[in-house]
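Inspection log for the structure reproduced underneath, given as structure tokens.
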Amino acid sequence: MKREKIVSVLARTEPARGLTVCGWIRTRRDGKDVSFLEINDGSSLKNLQIVVDPGAVGQDLLRRLTTGASVRAVGDLVPSLGAGQRLELRTREVELLGAADPESYPLQKKRHGFEFLRTIAHLRPRTNTFGAVMRVRGELSFAVHEFFQSRGFVPMHTPIITASDCEGAGEMFTVTSLPPDRLAGPDPFAEDFFGKRAYLTVSGQLNAEAAATALAEVYTFGPTFRAENSNTARHLAEFWMIEPEMAFCDIHDDMDLAEAFMKHLVARVLERCADDLAFLDQWVDKTLLATLRNTLESDFVRLDYTEAVEILKRSGRAFEFPVEWGHDLQSEHERHLTEQHFGRPVILTAYPKEIKSFYMRVNDDGRTVAAMDVLVPRIGEIIGGSQREERYDVLTARMAELGLPLEPYSWYLDLLRFGSVPHAGFGMGFERMVMFATGMTNIRDVIPFPRYPGHAEF
RNA sequence: UCCGCAGUAGCUCAGCCGGUAGAGCAGGCGGCUGUUAACCGCCGGGUCGGGGGUUCGAGUCCCUCCUGCGGAGCCA
């Protein structure tokens with residue numbers, strides 16, 4: 001079906017004859033001798049006004065051109081007689097592609113709550129807000145690949161199914177082909193498809209590290225699964241994660257990359273999604289554009305965990321949870337630092353080793369590790385990463401300390417036995433980045449079909 | 001999973017000390033106008049989340065379950 005996208009029609013400066021557009025009707029307004037259709041095809045936040053002569057199309061057809069119906073229209077782009085738009089499409093031919101019964105079509109030409117829209121996730125992209133969020137999400141996704149590949153990173157497709165239950169990043173979903181009645185007994189998975197218990201991945205990091213010891217700079221961008229019973233506006237059971245991994249790289253290079261990466265993503269959406277961001281700034285979060293510009297223009301604060309604890313203790317604020325060296329920072333602490341104290345993104349480093357993962361490189365002080373978390377206003381932690389421990393003896397000693405068996409990690413330890421290099425990487429929760437870039441406050445509203453406890457609809 | 005709040009028309013909500021349910025928007029019909037959050041008039045629309053209890057009488061009080069939201073934990 002030959003057509004011109006509405007974004008392109010709206011970008012025209014001159015009248016034109018014989019244009020074909022397709023889209024969904026957002027609203028219709030009737031005059032006595034004229035009707036106006038606003039149609040949207042998802043290529044832009046903005047609608048195209050189509051002027052219809054009721055006599056020419058007929059009352060029967062006109063009556064069925066209701067909110068939600070899909071149409072194809074052929075007409076001439078002419079200067080508008082009305083005030084709201086520069087050009088409009090005066091049609092001589094309107095074809096109803098698919099009607100939408102106004103009695104039962106759930107979307108009205110009025111504002112709906114996000115909770116209601118979540119119950120009709122298959123229709124919500126037809127709203128202004130979700131259309132904008134999905135376009136921004138798409139640009140961010142593109143910008144992720146653009147950033148890494150322009151820097152020579154090789155994209156890695158790490159496994160979705162994994163048999164190592166040692167990734168340690170959270171509760172895992174079991175993958176099985178066994179019927180439920182065969183899941184009893186001491187080791188039912190010995191008879192299963194993989195001959196052992198398999199899971200959905202919680203992180204591609206360890207696999208990416210293997211690739212980085214050959215290709216030097218790699219990244220993953222794929223689905224990730226956590227079976228935690230998390231019921232919050234910041235967690236999903238299925239989400240997308242970006243994990244770069246670099247050989248010949250220390251914690252400072254890692255922080256530099258994280259900051260450049262964030263700024264690249266923000267710059268791209270500011271540049272390519274101006275209409276959508278202006279809409280979101282007006283209706284969803286009035287501080288959105290200011291926050292994004294601030295992110296782009298400011299240097300991220302870099303701070304040791306120990307200094308952060310001092311700042312929080314000196315802040316005089318009564319936190320719900322007291323701040324104490326050796327404890328992980330709470331959401332309220334992170335937000336105080338990035339929102340109140342500094343007012344820009346903050347990268348925290350040198351965390352106590354007790355609260356971080358086994359693979360993080362132990363610092364010379366022996367009590368902290370080369371971890372880094374990027375904290376941003378409103379979201380909190382958006383990136384978590386570290387320099388990895390590349391010293392075989394130090395890592396195995398640390399694993400012994402934590403009571404981790406070496407055998408399941410033997411392939412990972414091989415990376416340190418053969419040509420080990422200083423290396424580092426981080427993980428970014430893609431949906432958290434979409435939240436940051438759109439001002440949306442619930443992570444379930446920045447992914448098309450959210451999966452979370454009790455919900456796998458659509 | 002824990003704490004708190006909520007569930008009333010298609011949507012967003014009001015409903016006081018218990019006395020048999022209301023508004024705006026949406027929808028239908030009619031009118032008006034190159035309209036644009038269109039406007040004016042009329043009309044239809046409800047197992048008050050489910051179950052149980054107290055009471056002469058429950059949307060309202062009590063118990064319980066379900067669902068949602070906010071916060072927390074876990075994390076990305």
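In the text below, chain A, chain B and the rest are named by the order of the sequence lines, each starting its count at 1.
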(Q) Of the options C11(B), C74(B), U36(B), whose atoms approach the side-chain atoms of A83(A) most closely? (A) U36(B)
**Q.** Proximal nucleotide (of G27(B), A72(B), G34(B)) relative to the S331(A) side chain
**A.** A72(B)
Q: Indicate, with a heavy-atom threshold strictly under 4.0 Å, whether N231(A) touches base, sugar-phosphate, or nothing.
A: base
Q) Between R90(A) and G34(B), is there a side-chain N or O to OP1/OP2 distance below 4.0 Å? A) no
Q.
Rounded to whole Å, how long is the line connecting atom CZ of R335(A) with atom C1' of A72(B)?
A. 13 Å
Q: Indicate, with a heavy-atom threshold strictly under 4.0 Å, whether S104(A) touches base, sugar-phosphate, or nothing.
A: nothing
Q) Checking all strands, does R444(A) fall into the base, sugar-phosphate, or nothing category for heavy-atom contacts under 4.0 angstrom? A) sugar-phosphate
Q.
Reading RNA chain B from 5' onward, which residue's closest nucleotide shows up sooner: H112(A) or F36(A)?
A. H112(A)
Q: Would you indicate which nucleotide in G34(B), G71(B), C11(B) comes nearest to any side-chain atom of A233(A)?
A: G71(B)
Q. Q205(A) CD to C75(B) P: how many Å, rounded?
A. 14 Å
Q.
Starting the side chain at C-beta, find the nucleotide from C29(B), U36(B), C69(B) nearest to R118(A).
A. C69(B)
Q) If we take the P atom in both G59(B) and U67(B), what is their distance in whole Å? A) 25 Å
